[in-house]
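Whatever order the structure lists them in is the order used to number ligands and atoms, beginning at 1. Computed over heavy atoms, backbone and side chain alike; hydrogens, waters and symmetry mates excluded.
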Amino acid sequence: MRLPPARGPITEALFGTLEGPPGATPLDAAVAALGADFDNEDTQLALFACYELHYQGFDDVDDRWEWDPELLTLRASLERRFERYLAAVVPHTEGVEPSLVRAALVALTEADEGPPLSLFLQREADLDHFREFVTHRSIYHLKEADPHTWAIPRLSGAPKAALVEIQSDEYGGGRRERMHSELFRTTMRGLGLDDSYGAYLHRVPGVTLAVSNVMSLFGLHRRWRGALLGHLAALEMTSSLPNHRYATGLRRLGIEPAVVRFYDEHVQADAAHEQIAANDMCGQFAAAFPECTGDILYGAACALELERRWAEHVLGHWRRGTDSLLPRRVPA
Ligand SMILES: [Fe+2]
Ligand SMILES: [Fe+2]
């Protein structure tokens, strides 16, 4: 993956600096461009790029940037704004008795009435809608499970064993062809899309990047480990039914089984994962760290709210007959 085109003064300055080696050009211009707000294309992309240095990185960026103190200072400034943004838009969650965490997660996820995106995909979507949907999702699914893996060394005992059990499935249990990210690549190719990592970063809006950024925020900070577990639990607990609908929609369009398999696999796997995540992972973590139950629920609420905002964006465009992706531009 290469650096995408900038989306404003922060990414203009940041990407310009990242093209050179650490220390060559100061990041002052990117820092100076920071405003108080977070909810826009420029800030989400800047934060996404800072985080990406900890994943596969960029072909045109020196790997030493990952731990450059100036870069980390900029990232921290972006994160403070992102945390304030989340606090403003995500419904507040109170801590509960550790034994009630599972029930509270169930209540949160069952109360979630997102826009009916999965129903649209099941019943009305054409292939172009599916291609658009998969393009948005590629930002996360091509590194599926990676952000939650950051929690493994931060846990011990029962919650660690539970998380590893889930992650082992996500990574295919040692078999490349069963890795969820690989199944997703098959889906992308089957729909005529480029399955290379980050190929569509330049096409996805900030509302899509926010879905990934929140996982990296929680994953890269030990203090947010409770929120990361709650986030994963919310994903698993709201997965089986929508994935069944996506699979049904693709079959309705005559798509071959191998291309649908990513979604079929999640109907099965996540029915099991949701139990492990709520009971063994979050429940056991709450029992060990009762002061973190509010964080667990907050992480779940963040997952649900950012997903809701993303689905509203996509479905809103489709209802108006417009494209939910950014205009086609050639990456710089
Ligand atoms: Fe998965
Ligand atoms: Fe899962």
Exercise for the section: Check whether NZ of the Lys or CZ of the Arg Arg225 lies under 6.0 Å from the centre of the six-membered ring of Phe289 and within 45 degrees of that ring's axis. Expected result: yes
Problem - 2.8 Å shell around the Fe ion (ligand 2), exclusive bound, protein N/O/S atoms - result: 5
Handout entry: Parallel, tilted or perpendicular: ring planes of Trp310 versus His136, cut at 30 and 60 degrees
Key = perpendicular
Exercise for the section: Have a look at Ser216 and tell me which of Tyr55, Trp150, Tyr51 forms a side chain to side chain donor-acceptor pair (under 3.5 Å) with it. Expected result: Tyr55
Problem - Passing candidate, ring-ring contact (aromatic ring centres under 6.0 Å, His included) with Phe184, options Phe262, Tyr197, Tyr140 - result: Phe262
Practice task
Using only heavy-atom distances, determine whether the side chains of Asp42 and Thr11 contain a donor-acceptor pair under 3.5 Å.
Solution key: yes
Practice task
Check Asn243 against Val267 and note the closest heavy-atom contact, atom names and distance.
Solution key: C-CG2, 3.8 Å
Exercise for the section: Looking only at N, O or S atoms, find the one in Glu144 nearest to the Fe ion (ligand 1) and name it. Expected result: OE2
